Amino acid sequence: MTASAALLVPLLAGSPACGGPAAEPKLQNVFTDAADEYHVPRSVLMGVSYLQSRWDSRPGAPSVAGGYGPMHLVDTRRAKAPATSPSGRAEGPAIAAGPSAAPLENASGNRSEQPADLRRAALLIGAPAGRLRTDAVANVRGGAALLAAVQRQLGKPLSTDPEDWWDAVARFSGTDDAASAARYADDVFSLIRQGAHRTTDAGERVTLPASPRVRPRAADAAKARRAKEVECPPELDCDWLGAPYVRTDDGSYGNHDLADRPRDQKIDYIVIHDTEAGLRSMLQTVQNPKEPSWHYSISSRDGHVTQHVRTKDMAWHAGNQMLNARSIGIEHEGFLKQPDTWYTEQMYRASARLVRYLAKKYDIPLDRQHILGHDNVPGPTASSIPAMHDDPGPFWDWRHYFDLLGAPLRATAEADSDMVTVLPDYAAHMPAFTGCAQAGTPCAPHGSSAVRLRTEPDASAPLVQDPGRHPGGEASTVDVDDLGSRVSAGQTFAVAGYEGDWTAIWYQGQRAWFKNAKDHPTAVGASGRMVTPKAGLSEVPVYGRALPEKDAYPEGVPEQPESPLPYHFLAGQRYATQSRLIGSHIDRSEFRDTPSPVVAGHEEWYEIQLGHRIAFVRASDVDVVESRGSGTTAGNAAPPRER
């Protein structure tokens, strides 16, 4: 993210000489002025602010920790506490009844000091506390004053050298865990070294110039980590809170399965969830043998990681047993309808570190057909589709997340390729949604990873229909929970046509159109492989799981019935694929003290990007087609874009 752009010049809404009021100074200049006023290096102030809020202001809207403004100054009286009552979700923790005031805690329940205290900042700059909640200028000044105060408390000078501020930055994180504080400071100084630029929620372009001479102290974070029996990268401090594997009083058992992965079953996927619950509730849920389970929980406030199930074992988290057997589930504290409150930068970064570590350990590709949202997991049967979950939702920033993973989502072919990767500009792309506060009510405009699909290349055309999501024939809607007519950043599709500023893709057996203007693209050219029905087949069935063939089941293990999904993969259509696998099934018919047996078949399958969710087709039903990267392909594939 190296940047060398010049500082932005403040724009005035009016001029005092003309009788009009001067506009608030641009945030870029606010950082400069506050840094000068309190003798804090501007790069340190901007780096801390980026880690706190990514420079977003969100006037008056607190995070779960009660943090406000670009500096995420915390008013503990307005912090939100997790609820504790489950509501009976089929998979994953329950929706909480609502937040209330509570002290700040980390994932282990330990209280920590809060150097980024909003009320103390208000005293330091002589302003009302309420002003720091709504005024970005006062908020940044308050943050600068607090950083200077911390530096003095440490007995250090107000130096112009950013590296002299490392300990103050670590203290500013507000955590009492040495490894987490070191990780936070390391992130800030890595950012200062690389530079950054971003368009904020106020539409301002802010730039932190790169400082290549600044060096983070990466070794400190690794040294500070406490030795624990958890599967975690060395730079993260992780706790263990086990999920029970026990019989229950109803004759069943819970809440996961013993396994010996990857020896008995390869791990192919990592599934990203949000909890739709608060921290306390999710930790209670995972300890209940009658509730689901997952491998890791990550807190919103500071990104603290807690492991619950060994990665060799199979957690019950995805709503699809075949995906559970092949995946690791990570729950992120939060609510998809309140992204600014819960989806914090520290949570994103901790999650990305964990996923990078797990992907390397288990050789999982860092792409969107292997790093899935819960909303990308297919229903295992046709009847299960309507109940499948939709987290982490359209406001999860997949593009930013993959940047943090070190696997940026980008074009791999020319713009007129026969494949495209969905890639909207998250901050500027704000499709309309309803239902964030109550059903039918418009959501506040917000950046999104989701791109909406229509039946024709026209903004007034109907949304495409999803016969699995809406089996009764109901129309797709723009409700935030309705996945029936949208795709997500990083997903790759076969092109079905171009017309003006519109691109069509093959989507659940139909042509689906989205606006993809050259000056505001929502997708980029992609290269790779696609599958299409073999010659002579008018249609091939698609499935939500890749099961072994009938002859593979040993005596005593019940055969799993196949259930084709209600989508039509017709001759001439194509779908992107990045994975070929062998059908398998894990027998869960009884409680065992040893890993459940894996039934492995011989028949091969392809995973395809069928719609918003992935799906599977038999390799024997399809041919593989290599993308040409640019230009035309035969049959019903994409014609060249007119230029």
Side-chain angles (χ1 to χ4, degrees), residues 53-58 61 63 198-205 272-274 276 332 334-345 347-348 351 368 371-376 389-404 408-410 420-437 439-454 459 463-464 466 469 476-493 501-503 505 507 512-517 519-524 609 611-613:
S53 71
R54 295 183 74 203
W55 300 327
D56 284 342
S57 296
R58 302 189 294 271
S63 73
R198 183 173 184 267
T199 301
T200 70
D201 60 348
E204 297 182 30
R205 189 70 170 173
I272 303 299
H273 304 254
D274 83 15
E276 297 299 308
H332 298 75
F335 296 81
L336 68 86
K337 297 176 183 178
Q338 303 171 36
D340 293 337
T341 299
W342 298 90
Y343 294 173
T344 63
E345 182 66 5
M347 185 171 72
Y348 272 123
S351 177
R368 285 287 277 118
I371 310 301
L372 305 174
H374 197 176
D375 51 357
N376 307 134
H389 288 199
D390 54 359
D391 58 289
F395 305 126
W396 182 266
D397 192 344
W398 284 108
R399 190 169 188 168
H400 178 54
Y401 192 61
F402 270 77
D403 284 343
L404 295 175
L409 302 173
R410 57 185 176 84
V420 291
T421 294
V422 178
L423 200 59
D425 180 341
Y426 180 91
H429 180 65
M430 297 185 180
F433 287 101
T434 61
C436 291
T441 301
C443 300
H446 198 283
S448 176
S449 293
V451 172
R452 195 160 282 124
L453 304 172
R454 299 190 178 273
L463 299 173
V464 298
D466 182 345
R469 186 80 173 181
S476 293
T477 70
V478 297
D479 187 88
V480 69
D481 291 319
D482 191 342
L483 306 177
S485 62
R486 67 187 193 223
V487 289
S488 184
Q491 294 179 330
T492 298
F493 293 88
D501 284 343
W502 290 76
T503 298
I505 56 174
Y507 181 88
W513 294 87
F514 62 93
K515 194 167 185 180
N516 189 25
D519 55 345
H520 291 97
T522 50
V524 294
Q609 191 68 61
H612 192 85
R613 303 184 190 274

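None of the values given here were measured: they were computed from a predicted structure. Residue numbers start at 1 and run along the sequence shown.
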Among Val524, Thr522, Val451, Thr492, which residue meets the side-chain contact (heavy atoms from CB on, under 4.5 Å) test with Leu423? Val524

Start with the C-alpha gap between Trp396 and Tyr343, add the side-chain angles, then the distance that decides, and say whether ring-ring contact (aromatic ring centres under 6.0 Å, His included) holds. CA-CA 8 Å; Trp396 182 266; Tyr343 294 173; 5.1 Å; yes

Please report the shortest heavy-atom distance between Tyr426 and Phe395, naming the atom on each side. OH-O, 2.6 Å

Of the non-hydrogen atoms in Gly611 and Phe493, which two are nearest, and what is the gap between them? O-CZ, 3.4 Å

Within the 4.5 Å heavy-atom criterion, are Arg613 and Leu483 side-chain neighbours or not? yes

Taking C-beta and beyond as the side chain, do Asn516 and Asp501 meet within less than 4.5 Å on heavy atoms? no

To the nearest 0.5 Å, how far apart are CG in Asp390 and CG in Asp375? 7.0 Å

Closest heavy-atom contact between Asp201 and Ser57? OD1-N, 3.2 Å

His400 and Glu345: side-chain hydrogen bond (donor to acceptor under 3.5 Å, both in side chains), yes or no, with the steps? CA-CA 10 Å; His400 178 54; Glu345 182 66 5; 2.9 Å; yes

When the ring planes of Trp398 and Phe402 are compared, do they come out parallel, tilted or perpendicular, using 30° and 60° as the limits? tilted

Considering only NZ, NE, NH1 and NH2 on the basic side and carboxylate oxygens on the acidic side, decide whether Asp56 and Arg198 come within less than 4.0 Å. yes

Is Asp425 paired with Arg399 through a side-chain N to carboxylate O contact shorter than 4.0 Å? no

Apply side-chain contact (heavy atoms from CB on, under 4.5 Å) to Cys443 and list each qualifying residue two or more places apart in sequence or on a separate chain. Phe433, Cys436

Using the six-membered ring wherever Trp is involved, compare the ring planes of Tyr401 and Tyr348 and label them parallel, tilted or perpendicular (cut-offs 30° and 60°). tilted

Do Arg205 and Thr200 come within less than 4.5 Å of each other through their side chains, counting heavy atoms only? no

For the residue pair Asn376 and Gln491, establish whether any side-chain heavy-atom pair is separated by less than 4.5 Å. yes

Given 3.5 Å as the limit, does a donor-acceptor pair link the side chain of Asp479 with the main chain of Asp481, or not? yes

Note: Ala489 and Arg368 closest approach over all heavy atoms is O-NE, 2.9 Å

Under a 3.5 Å distance rule, please check whether Asp482 uses its side chain to pair with a backbone N or O of Thr477 as donor and acceptor. yes

How many angstroms lie between atom CZ of Phe514 and atom CH2 of Trp502, to the nearest 0.5 angstrom? 10.0 Å

What I'd like to find out is whether the side chain of Pro339 reaches to under 4.5 Å of the side chain of His446, using heavy atoms alone. yes

Smallest heavy-atom separation, Pro392 atom then Ile272 atom, equals CD-O, 3.5 Å

Evaluate the side-chain proximity of Val464 to Ser476: yes if any heavy-atom separation is below 4.5 Å, no if none is. no

In Å, rounded to the nearest 0.5 Å, how long is the span from NE2 of His273 to CG of Leu336? 13.5 Å

Using the side chain to side chain contact (heavy atoms under 4.5 Å, CB included) rule, take Asp403 and Arg410 through it: C-alpha gap first, then chi angles, then the decisive distance, then the call. CA-CA 10 Å; Asp403 284 343; Arg410 57 185 176 84; over 6 Å; no

Please report the C-alpha distance between Trp342 and His332 in whole Å, then the side-chain angles of each, then the deciding distance to 0.1 Å, and finally whether the ring-ring contact (aromatic ring centres under 6.0 Å, His included) criterion is met. CA-CA 9 Å; Trp342 298 90; His332 298 75; over 10 Å; no

Residues Ser488 and His612: closest non-hydrogen pair is CB-CE1, 3.9 Å

Distance (rounded to the nearest 0.5 Å) between Arg486 CZ and Ser448 OG: 7.0 Å

For residues Leu463 and Leu453, determine if any side-chain heavy atom of one lies less than 4.5 Å from a side-chain heavy atom of the other. no

Indicate yes or no: at least one non-hydrogen side-chain atom of Pro394 is less than 4.5 angstrom from one of Val480. yes

From Glu276 CD over to Phe335 CZ, what is the distance, rounded to the nearest 0.5 angstrom? 6.0 Å

